[in-house]
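Everything on this sheet refers to the single structure shown next.
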Amino acid sequence: MNPFRTFRIDYVFFFSFAGFIAVLITIMMIVSYRFSADEQADSASMYQQAVLQQLNKQLTDQMSTVEQTSLAVSINSPLVNYVTMKGDYYARKKARDELNRDYLAPMLNSSRSMFSFQVYMNDPLQIDPNANIQYLPLASASGESWYPAVDKSDFLWIGQREVGSPQGKQQVISFVRKITSLDGVNRGILIINVRVKFLQDILTEDNSMASRLLLDSGGRMIMHTRIAPPPGEINAILGRVSGDTGHARHLLAAAGSLPEKNMLTVWSRTSPGSWMLVELTPWNEITSGSVRLAWTMAVVGAAAILLSLFFTLFLSRNFTRPIRKLVQLMQAFNPGKRGLPLPTEYRNEFGSLFNGYRKLTERIEALYASLEQQYKAQREAEIKALQAMINPHFLYNTLDQLNWMALEAGQEQISRVLELMGQMFRIGLSGGESMVPIREELLHVDCYLKIQQFKWGEGLEWHFDCPKDLRHLMIPKLTLQPFVENAVMHGFHGRRQGRIHLTCAEDEQGIRIWIRDDGIGLREDWKTRKRHPTGGYGIRNVTERIQVYFGPPFGVSLRNRPDAPGTEAEIYWPKLNQERDQEGGRMHVDHRYRG
């Protein structure tokens with residue numbers, strides 16, 4: 001359905017512009033959000049990678065220090081001697097106290113990162129799980145979750161866990177190294193516990209609120225800030241990680257402890273095979289600026305839509321006002337009556353429309369006046385034709401009485417004239433019809449010429465050349481006789497003889513009849529010559545009737561014959577096949593031929 005064909009134009013303009021602007025602003029919001037979000041994600045990832053590289057270096061320094069310390073302690077003679085010492089209790093206790101006082105305790109006190117030592121050995125003297133330096137039975141290590149990995153390696157980092165201390169349970173990450181004697185025999189396990197808070201302070205020294213993970217080379221989480229994702233989430237993240245540094249947008253299968261599934265992941269490692277820092281930032285935090293920009297554009301767009309609606313309403317009303325005015329003028333137009341005034345202030349296309357409508361109404365008024373004049377002329381022609389019939393009842397009765405009186409008096413010629421006149425009046429009346437067959441019109445002319453022949457005798461000759469297949473066609477009645485009468489009365493004036501030739505022919509549009517005489521012809525000034533008040537009525541009547549009935553190209557033309565002396569009248573009218581009732585509407589006059 002085309003709205004321009006169904007709804008009002010101002011409504012179509014109003015809602016079309018409003019919808020177009022709304023769609024345009026929506027597209028701009030989406031495009032700007034996508035581009036700005038991508039730009040912000042790229043900028044944020046580049047900044048985060050730089051920060052992670054710096055943090056990674058700091059962590060590397062601290063954790064390398066722990067690793068070197070563990071190596072130095074594990075090969076230290078006092079520790080190895082104490083772990084392998086057997087025999088007297090007091091000698092072993094003395095060796096432990098000296099090891100703690102002179103070596104291990106100073107290391108803990110001088111380090112900000114190291115929190116406690118744990119030494120797993122055979123037959124420890126005293127077990128205190130809440131001391132800063134703990135000696136634990138080696139057999140109990142096999143029950144720890146980290147033992148299978150230590151059993152396969154000489155040293156490794158284990159993830160975040162809780163250990164006892166004089167202040168209670170504390171979060172630490174631990175570096176585990178086996179204690180091996182000079183002969184290569186495993187004598188125990190040394191664990192250096194590092195304060196998680198110390199490492200978290202390093203990871204959050206830039207006041208970032210993102211979740212940062214420290215993963216070892218095997219992808220196991222060592223420590224984290226803020227939120228600890230479950231192993232399934234870490235595996236999903238590592239599945240998208242490639243290279244030492246990079247960033248990606250991850251839609252996690254299960255958000256778990258994370259605030260949302262959609263994350264910007266940035267990772268960095270110092271060297272291939274080393275631990276890796278991963279930073280997880282919710283995508284909505286990265287794109288918050290884009291969201292604000294989108295909402296700002298939405299507010300601006302809403303204001304623009306409101307302004308555009310008012311502008312569109314103003315524009316549509318001004319655009320359709322002249323159209324409505326033109327429709328109002330067209331509905332109020334009534335030929336012959338003074339209508340509403342047309343606007344004259346428009347100088348654009350609307351002005352052309354009003355000027356065109358003005359010309360159209362003027363043309364309609366002219367045509368209406370012409371039709372009124374034509375109708376008046378037609379009525380006058382019909383009235384004159386009716387008047388020409390005189391009084392048919394009186395004429396028929398009078399002619400009938402005169403006919404019988406002439407017969408009784410022995411006046412055969414007068415009877416014949418009266419009989420011919422009766423035939424002429426019968427055809428002229430024709431039951432009130434305005435059209436008669438050509439054959440009856442020819443009979444009407446023939447009767448008139450026979451009457452005239454009583455005066456002219458053998459000097460008057462006539463010939464009708466009309467094919468039989470045309471004689472049934474219709475012709476306005478009393479059409480031919482005025483031209484024949486004009487030829488006899490004027491063309492043959494002052495002469496004793498004359499000849500009239502009537503010819504019929506047809507073409508694609510109508511019928512033509514030529515009436516030619518060999519009389520004196522037309523005067524040169526016959527068109528401009530003032531007519532006598534009582535003359536020329538018959539020919540004018542025929543001309544006006546054909547013009548009124550049929551219009552161009554049909555009509556009557558009168559001219560001098562080009563090939564011989566005399567006048568030629570040409571009558572042209574359309575083909576009319578409608579047959580009238582041959583019996584109805586006639587009044588009886590005795591017209592039988594009587595000798």
Side-chain angles (χ1 to χ4, degrees), residues 381-382 384-392 395-396 398-400 403 415-456 460-468 470-492 498-504 511-517 536-546 549 556 569-573 576 578-593:
E382 290 177 351
K384 291 178 181 179
L386 291 175
Q387 291 175 347
M389 296 180 185
I390 313 174
N391 190 331
L395 288 175
Y396 277 123
T398 302
L399 289 175
D400 190 50
N403 187 22
S415 174
R416 176 59 176 164
V417 171
L418 294 173
E419 181 181 354
L420 292 173
M421 288 182 65
Q423 285 184 310
M424 290 181 63
F425 280 116
R426 177 187 62 79
I427 297 171
L429 182 62
S430 63
E433 299 289 342
S434 60
M435 298 287 174
V436 296
I438 294 177
R439 62 176 175 270
E440 292 194 7
E441 187 70 9
L442 293 177
L443 178 60
H444 185 270
V445 174
D446 185 69
C447 291
Y448 171 78
L449 290 174
K450 286 180 179 179
I451 293 173
Q452 293 298 324
Q453 198 173 34
F454 283 100
K455 174 184 177 181
W456 289 81
L460 181 61
E461 299 180 7
W462 66 87
H463 178 70
F464 297 160
D465 183 10
C466 185
K468 291 183 179 181
L470 299 182
R471 296 195 176 200
H472 71 282
L473 299 177
M474 308 300 285
I475 185 174
K477 67 181 178 182
L478 302 178
T479 297
L480 303 180
Q481 186 270 337
F483 295 95
V484 175
E485 180 181 357
N486 191 70
V488 173
M489 301 302 295
H490 300 287
F492 301 154
R499 181 177 176 82
I500 297 175
H501 191 171
L502 190 148
T503 306
C504 299
I511 306 296
R512 295 181 190 271
I513 290 184
W514 293 272
I515 302 175
R516 301 180 180 93
D517 65 63
Y537 166 75
I539 293 178
R540 290 201 308 273
N541 181 270
V542 173
T543 302
E544 291 174 359
R545 281 191 294 148
I546 292 181
Y549 289 156
V556 175
E570 180 181 351
I571 306 164
Y572 186 37
W573 76 98
L576 303 173
Q578 183 178 1
E579 292 285 355
R580 68 178 182 88
D581 184 3
Q582 295 294 326
E583 300 297 334
R586 293 186 183 180
M587 299 190 66
H588 176 70
V589 174
D590 189 2
H591 58 270
R592 291 172 293 175
Y593 176 74

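None of these values were measured; they are calculated from a predicted model.
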Review point. Do Ile475 and Ile511 have side chains that get closer than 4.5 Å, going by heavy atoms?
Key: no
Point to revise | Sub-4.5 Å side-chain heavy-atom contact between Ile539 and Thr543 | key: yes
Review point. Excluding sequence neighbours, so at least two apart, what forms side chain to side chain donor-acceptor pair (under 3.5 Å) with Glu485?
Key: Gln481
Exercise for review: Just do the side chain to side chain contact (heavy atoms under 4.5 Å, CB included) check on Phe492 and Ile500 with the steps written out, would you?
Suggested key: CA-CA 10 Å; Phe492 301 154; Ile500 297 175; 3.9 Å; yes
Exercise for review: For Glu570, enumerate each residue passing the salt bridge (Lys or Arg N to Asp or Glu O under 4.0 Å) test, keeping only those at least two apart in sequence or located in another chain.
Suggested key: Arg512, Arg559
Check your understanding: What is the minimum heavy-atom distance between Pro476 and Met435, and which atoms define it?
Key -> N-SD, 3.4 Å
Check your understanding: Looking at side-chain heavy atoms only, is the closest gap between Trp456 and Glu461 below 4.5 Å?
Key -> no
Review point. Is the shortest heavy-atom distance from the side chain of Trp573 to the side chain of Thr479 under 4.5 Å?
Key: no
Review point. What's the spacing between Phe464 CZ and Ile438 CD1 if we round to 0.5 Å?
Key: 12.5 Å
**Study point:** Student check: side-chain heavy atoms of Val484 and Trp462 closer than 4.5 Å
**Key:** no
Study note, to complete from the structure: For Leu460 and Gln453 the tightest heavy-atom approach is O-NE2, 3.6 Å
Review point. Would you say Leu480 and His444 make side-chain contact, with heavy atoms under 4.5 Å?
Key: no
Practice item. Could you give me the CA-CA distance, side-chain angles and deciding distance for Leu576 and Tyr549, then say whether side chain to side chain contact (heavy atoms under 4.5 Å, CB included) is met? Key: CA-CA 12 Å; Leu576 303 173; Tyr549 289 156; over 6 Å; no
Practice item. Determine whether Asn541 and Pro482 make a side-chain contact, defined as any pair of heavy atoms from C-beta on separated by less than 4.5 Å. Key: no
Exercise for review: Write down the atom of His472, the atom of Pro437, and the distance for their closest heavy-atom approach.
Suggested key: O-CB, 4.2 Å
Review point. Stepwise, does the side chain to side chain contact (heavy atoms under 4.5 Å, CB included) test hold for Arg499 with His463?
Key: CA-CA 8 Å; Arg499 181 177 176 82; His463 178 70; 4.1 Å; yes
Check your understanding: Roughly how far, to the nearest 0.5 Å, is the CD atom of Glu441 from the SG atom of Cys504?
Key -> 10.5 Å
Practice item. Would you mind reporting whether Ile515 and Ile571 have side-chain heavy atoms less than 4.5 Å apart? Key: yes
Review point. Is there a donor-acceptor pair closer than 3.5 Å between any side-chain N or O of Arg545 and the backbone N or O of Lys477?
Key: yes
Check your understanding: Measuring from Asp446:CG to Glu440:CD, what's the distance to the nearest 0.5 Å?
Key -> 13.0 Å
